[in-house]
Structure formats: C-alpha cells, structure tokens
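Have a look at the structure below before the remarks.
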Protein chains: 2
Amino acid sequence: MQKNSLMTTRDTIIQVADHLIRDKGFNAFSFKDISIAIGIKTASIHYHFPTKTDLGIATIKGHIERLEALKAELENKSPLTKLEGFFSIYSAVKSENKVCIVGSLATDLHTVEEGIQKELKVLAEKILEWVTEILEEGKAKNAFAFQVAPRTKALLIITNMLAIVQLSRLTKADDFTLLKETIIQELKPKTE
Amino acid sequence: MQKNSLMTTRDTIIQVADHLIRDKGFNAFSFKDISIAIGIKTASIHYHFPTKTDLGIATIKGHIERLEALKAELENKSPLTKLEGFFSIYSAVKSENKVCIVGSLATDLHTVEEGIQKELKVLAEKILEWVTEILEEGKAKNAFAFQVAPRTKALLIITNMLAIVQLSRLTKADDFTLLKETIIQELKPKTE
DNA sequence: TTTCACCTATCTATCAGTAGGTAGATAATT
DNA sequence: AATTATCTACCTACTGATAGATAGGTGAAA
C-alpha cells in the first residue's frame, strides 16, 4: 500500500482511506493517519476532500467502479468463473486481514452522514444484483444447483463472505478458505 | 431501554453501552452518551469502570453469561427448538435495527485493547461450539440433514445471521426473516 | 469511622475543519 | 517574447468541540 508514482494524490488518499476504513472502521481513522501515511499535511487532504464524508463517499464510489469493471471483465466467462471472480474480492480482503467495506460501514451506519449511507446502499444493491444474475445464469446452464430463489441464494452467499472475513479474525483465518470452498462445492449439481 | 429500578447502576451502564456498541460501534459512543442516557456524570461512570476497555470487557462478559443461560434453559429441548432459540438472539437484534456485538467489535478489532479482543474471541468460540453441538445432535436425531461437517455448517449459519443483520440495514429489513426461514427450511430432511 | 456512589472541576490529547499564505506551473495579455 | 494573472497543490497556524481520564470533595449509609 504505497503511493504509486503514476497515481494522483487524490487517488492515493482514497486508497489509504479505504485500507483504514476496512482495517479499523470509519470512526477510528483520522486525517492524521492519512497525513502520516502519504506525507502531506492534514490541511492538504481537505483541499482534495472538503470533509471526511466527501472522502467516504469517494471511497465507496471507487469500490462501485472496480465492481463494475470486474463484472464487465468477466462478462463472457462461465458462471463458475464469475462466482470465483466475486469470491476473489473477499480473498484479497482476507489476505490483508481486513474486512469488507460494506460490513465495516454497515456497522457504523448510524454514525455517518446520509451521503455515505446512500452510496453504500447503491454498492450493496449492485453486489446483490450481480451475484443474483450469476446464480440465475448458472442455474439456467446447469452449472449450479440450488432450491431457493436466486436472490435468496445470493443473500446467503454474500452474507457468508461478508461475515467470514469478520468472524475469522476471531476463530481461525483458515475458516475463510473452508467456507469459500464449501460454498462452491455445494453449488455443484449432484451427478446421481 | 430504560433503567429498571431493580437494576444496579453498574448493570444499567453495561446495558446502555451494549446498545450503543451494537447501534453505532465501539469507537462512536462516548461516556457522555451513557451519562445523558442514565442521568449521572461521566466521571461517575469511571467509578464503576475505570476505563472504556473495562466497560467493553464487562459488556462482552454479559453476552457470554446470557448465552450460557439460554443454552442451559434449552438443554432438554429439541435441536430445532435450540436452533430457533439461537436465532431468536438475532431476531431481537434485528427488531432494534442493531447489529450483533461480535460483528460490531470484529470490524473494530484492530482499534480496541487486547482485553476486549480476548473476551470477544471467547464469545465467538462459545457461539461456534454451541451451534456446532446443536447441529451434531440434530443430525444424529434425524432432525437436520446436511452434507458438510457440523462445524462448517455452523460457520455457514452463523455468518448468515451475523451479516444479514448488517446487510439488511442496506437492502430490506425483511431480508432477515427471509434468510432465517430459508435456513431452517433447508436443514429439514427431505422425505422422498 | 469507613465505605459507597456520586459530584465538581480540570487535564491533556485529539478530532475535523478553516483562514490565509506561497511556490511553481499554466494561461492570457501585451 | 516578455509580462501579468490565475490556478494548483500544497503549507503554517489556528479554532472550537469533544474525547477519556484524574484529583479531590460530599452526603448518606453501613
């Protein structure tokens, strides 16, 4: 997590904020933390983002953009590859022992301003829509088998991912991989 | 959430702290919030709990005690009743639009002192053990049917509950009930 | 007479945010 | 081409609010 010379200061601030939010939570990080991490004064951060809320919104928008990019990149791949692509987001999160931004900000929801709440709801909805689509396609193509509605199955899988990155901070880090593989295994159609 | 005249001040402080942690997160609540809620000065809270960490630990211990009490109360009941008892914890959480204390503190984990981290790990482990036991018993008695290891299935169910109280703050509040009922339905043995 | 459960008053640290200044790059005007 | 004006991306210095925590005092109960 270092400032790439090709990145603008603005993007570097967002990147550092993102890591801090997912490591410690929105209320536990300060402009000072970012200031130290990238070597500019806290007042200069306000030049790029007038308020902490503005920075929070920009951070979530960054996640939405990356999600859309990943979705587009996997558009012509198989449902399984798409699902594995979705899981790879959480694998990256877990490898840093951080948590998902949706989970982090959902617990802080009642302490942040409306702009952040609204943007977070957009992100959550997009994740849910995408996973639902993947499952629908997978079922239609007999790549996946499950009994409940695709949106319900998507909620089950997303909640598994969202919470295991949190819970495995307390139990065992390996539990993340265990769940990820179990979910994929259970989705496979039984060949009997 | 009012001070019951039968409760000690100490217990009232813990109760208010618990609600604040699960509503806003550990770093977003202050002694001032408790002070206002129960009508004593912030300095007086320090009489009962020298530090915020002490209060956090006591709050988690309260959850452990209530978990043990619930477990004991349901000891002779059916596996399904036990599982429904476990789910009732999250139903209560969701009815207040709050989140599970484990999820709340897991996201804040890297900002709290070791004492809180340790106590939280104890709570998480006890939850996991209990749900694993319920599932094992349910499988042995043919009340539940599932393919994976009981501990793995417990992780799947706990993560569903832990995250749906967070995620349904962003999607639909009804999604909580949807998942709860789906999980119970899927556990029932197929009678074909 | 000691303990309990509070109080007032205060401390230091940190927070997000603001005012106003500046060096250097870029654009506009002469 | 030379000069002038404006913009960008920072800076120093500061504010008011709030945080957790501490010292020392008080009245009532044991």
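Throughout, protein chains are lettered first and strands after them, A, B, ... in sequence-line order, and every chain is numbered starting at 1. What you are looking at is a predicted structure, and each value in this text was computed from that prediction instead of being measured.
- Within the 4.5 Å cutoff, the side chain of F144(A) has heavy atoms near those of the L83(A) side chain.
- Atom pair I40(A):CD1 and dT22(C):P shows a separation of 20 Å (rounding to whole Å applied).
- OP1 or OP2 of dC10(D) lies within a sub-4.0 Å distance of a side-chain N or O belonging to H48(A).
- A side-chain donor-acceptor contact under 3.5 Å links R169(A) to the backbone of A106(B).
- Linking Ile, Leu, Val, Met, Phe, Trp and Tyr whenever their side-chain heavy atoms come within less than 4.5 Å puts V122(A) and I127(A) in one cluster.
- Here dT14(C) presents its C1' atom at 14 Å from CG of N27(A), a figure rounded to the nearest Å.
- The distance between atom NZ of K52(A) and atom C1' of dT18(C), rounded to the nearest whole Å, is 18 Å.
- You'll find the side chain of L123(A) stays beyond 4.5 Å of the side chain of L170(B), heavy atoms only.
- Geometrically, K52(A) does not engage F31(A) in a cation-pi contact, judged by NZ or CZ lying under 6.0 Å from the ring centre and within 45° of the ring axis.
- Residue contacts shown for S44(B) include a base, since a base heavy atom lies under 4.0 Å away.
- Distance from the side chain of T51(B) is smallest for dA21(D) among the nucleotides dA19(D), dA16(C), dA21(D).
- Checked against dT22(D), dT12(D), dC15(C), the side chain of K41(A) finds its nearest nucleotide in dT12(D).
- Distance I45(A) CD1 to dT8(D) P: 20 Å, rounded to the nearest Å.
- Contact between the side-chain N/O atoms of Y47(A) and the OP1/OP2 oxygens of dC10(D) is not found at any separation under 4.0 Å.
- In this structure, the CZ atom of F29(B) is 15 Å from the C1' atom of dT18(D), given to the nearest Å.
- Residue-level contact check: F31(A) touches the backbone only, with heavy atoms under 4.0 Å from sugar-phosphate atoms and none from bases.
- Comparing dC6(C), dT8(C), dT18(C) against the side chain of A43(B) picks out dT8(C) as the nearest.
- Between the P atom of dC15(C) and the CG atom of L55(A) lies a distance of 15 Å, rounded to the nearest Å.
- Contact annotation for F49(B): no contact, since no heavy-atom pair falls under 4.0 Å across all strands.
- Side-chain proximity of T9(A) to the nucleotides dG17(C), dA19(D), dC10(D) is greatest for dC10(D).
- Looking at which nucleotide of DNA chain D each of H46(B) and R10(A) is closest to, the 5′-most match is held by R10(A).
- One can place CD1 of I34(B) at 15 Å from C1' of dT18(D), the figure rounded to the nearest angstrom.
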